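One structure below.
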Amino acid sequence: MSAVEQYARAHLVTDSSEGHRAVPAVLRYDAEADPHTVRIGLPDHRERALARHLLERGLRAPVTAGDVHIWPCGRVQTVVEFHAREGVTVVQFDAATLIRFLRRTYTATPVNH
């Protein structure tokens with residue numbers, strides 16, 4: 001097995017009166033296509049790609065790579081922020097969901113450092 005797909009609930013953080021809005025998200029990993037990249041699909045039908053190791057590091061401490069920022073929010077949440085020309089998308093996940101997903105990606109393919 002080299003592909004992993006996991007459905008998750010995320011909270012889209014907005015500046016509007018809606019505040020945090022629960023949205024469905026899809027976490028994807030395909031070792032054959034790119035063993036170093038994970039993808040996050042959100043309801044706007046755009047997938048955002050980021051380095052798998054960046055997501056893992058962001059669970060423990062704030063990290064930034066290009067237009068992606070990730071940081072822990074308390075003990076049980078993780079925030080992923082994507083910057084693009086169209087604006088900023090801020091998504092909050094349960095850290096446990098991301099940890100389960102990452103474990104599955106490492107089972108799908110061994111880490112080659």
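Just so we're clear, the structure is a prediction, and the values are computed from it rather than from any experiment.
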Can you pull the salt bridge (Lys or Arg N to Asp or Glu O under 4.0 Å) pairs that have at least one residue in [range], sequence neighbours excluded?
| range | result |
| --- | --- |
| residues 89-103 | none |
| residues 76-91 | Arg46-Glu86 |
| residues 60-79 | none |

Apply the test side-chain contact (heavy atoms from CB on, under 4.5 Å) to residues Thr64 and Leu54: give CA-CA distance (whole Å), side-chain angles for both, the deciding distance (0.1 Å), then the verdict. CA-CA 8 Å; Thr64 298; Leu54 185 73; over 6 Å; no
Specify the closest pair of heavy atoms between [X] and [Y], including all atoms of both residues, with the distance to one decimal.
| X | Y | result |
| --- | --- | --- |
| Pro43 | Val23 | CG-CB, 3.7 Å |
| Tyr29 | Ala108 | CE2-CB, 4.3 Å |
| Ile70 | Leu55 | CD1-CA, 3.8 Å |
| Cys73 | Gln92 | SG-NE2, 3.7 Å |
| Leu59 | Pro72 | O-CB, 3.6 Å |
| Ala10 | Val91 | CB-CG1, 3.4 Å |

Any chance you could measure Asp30, atom CG, to Asp34, atom CG, to the nearest 0.5 Å? 9.0 Å
Polar contact flag, side-chain donor to acceptor under 3.5 angstrom, Arg52-Thr105: yes
Determine whether the side chains of Arg48 and Thr89 contain a donor N or O and an acceptor N or O closer than 3.5 Å. yes
From CA spacing to verdict: side-chain contact (heavy atoms from CB on, under 4.5 Å), Val63, Trp71: CA-CA 6 Å; Val63 294; Trp71 65 91; over 6 Å; no
Pairwise ring pair (Phe, Tyr, Trp, His ring centres under 6.0 Å) hits with a residue in residues 72-93, at least two apart: His69-His83
Through direct or indirect side-chain contacts below 4.5 angstrom among Ile, Leu, Val, Met, Phe, Trp and Tyr, which residues connect to Val76? none
Would you say the side chain of Leu27 lies within less than 4.5 Å of the side chain of Val38, judging by non-hydrogen atoms? no
Just wondering, do Leu12 and Val90 contact through their side chains at under 4.5 Å, heavy atoms? no
Gln6 (side chain) donor-acceptor with Thr97 (main chain) under 3.5 angstrom: yes
Taking side-chain contact (heavy atoms from CB on, under 4.5 Å) as the definition, give me every residue that meets it alongside Val26, ordered by chain and number, with sequence neighbours left out. Glu5, Tyr7, Arg28
